[in-house]
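Working notes, structure below.
The structure presented is a predicted model; accordingly, all values stated were derived computationally and were not measured. Numbering of residues begins at 1 and proceeds along the displayed sequence.
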Amino acid sequence: MTSSPSEIPSDAPKTRKVQQRTIDGKSRIITAGAKEFIANGYWGTSANDIIAGAESNKNFFYTHFPKGKQDVAREISFNSTWDGLKSQPLMVQEMVDIGMILSHRVRTEARILAALRLSFEPGATEEYGTPWPQWVEFNITQIETAIERGEIRPHVNPGEQARQLPGLWSGLILTAGVLDGSYERVEEYVATGYKNLMKAIGSPGVLPDIDFSVNRGEVLYTTWLNEQEKALQDSPTE
């Protein structure tokens with residue numbers, strides 16, 4: 001006797017459960033890797049350290065990260081960099097926003113601090129790559145657009161300034177870690193840094209319209225997270 005389609009047991013719930021376990025397992029490995037890299041640096045961390053920290057096993061680890069800690073470092077370094085950034089009426093506002101979002105996330109997410117620390121490791125470019133070239137290209141596009149709109153003074157060289165922007169927020173964050181022994185005030189430092197930068201390169205007419213609020217990154221990123229969660233809840237289930 002042949003069963004009708006409605007009588008055939010569905011494997012969908014089981015499949016979804018396995019998929020979720022995989023996602024959770026990989027997330028624990030990334031989180032454990034981030035904490036190890038922050039504490040001991042890339043070269044001072046072993047794959048076994050990450051596996052132990054994630055309470056995982058070698059089979060699962062190397063199935064999803066075949067090159068070991070190298071793949072973990074690459075995943076941390078290149079994922080989720082621009083999350084939370086939204087289009088704004090002023091391009092200079094977007095330039096400020098990305099630094100404020102990242103400074104907030106450094107304070108609240110080990111993964112982002114680990115990505116920053118990893119990007120300055122000796123041999124990082126050859127071992128697992130760094131996002132700095134992408135950052136420079138991203139900043140060049142922002143600066144060129146801002147100049148075309150009259151938001152940045154025309155004498156500013158996009159290529160030169162594009163290297164200084166990531167140096168501004170990353171340097172302030174790393175310096176805070178050394179001088180303060182914590183990252184609790186990074187948003188304050190980065191906001192002040194951007195304010196001083198925009199006084200130097202921004203057109204006077206747009207400066208009053210730029211929001212340098214210390215909590216701006218937190219507000220933008222939290223709003224983005226809430227939007228993502230709502231979209232997930234509204235999406236149809238199989």
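- Between Tyr42 and Tyr128, the distance from one ring center to the other falls under 6.0 angstrom.
- Contacts of Ala115 classified as side-chain contact (heavy atoms from CB on, under 4.5 Å), with partners at least two apart in sequence or in another chain: Ile76.
- There is no side-chain donor-acceptor pair under 3.5 Å between Ser46 and Asn48.
- Between Asp71 and Arg74 there is a salt bridge, with a side-chain nitrogen of the basic residue lying less than 4.0 Å from a carboxylate oxygen of the acidic one.
- The aromatic ring centroids of Phe120 and Trp132 lie less than 6.0 Å from each other.
- With 3.5 Å as the limit, one finds no donor-acceptor pair spanning the side chains of Asn157 and Gln161.
- Nearest heavy-atom pair across Gly33 and Val72 is CA-CG1, 4.2 Å.
- Here the shortest heavy-atom pairing between Asp209 and Leu90 reads CB-CD1, 3.8 Å.
- A donor-acceptor pair is defined here as one N or O able to donate and one able to accept, closer than 3.5 Å; no such pair exists between the side chain of Gln142 and the backbone of Val92.
- Two rings, from Trp224 and Trp82, have their centers 6.0 Å or more apart.
- The line from CG of Asp180 to OG1 of Thr175 is 9.5 Å long, rounded to the nearest 0.5 Å.
- Ion pair Arg111/Glu75 flagged as a salt bridge, since at least one NZ, NE, NH1 or NH2 atom sits closer than 4.0 Å to an Asp/Glu carboxylate oxygen.
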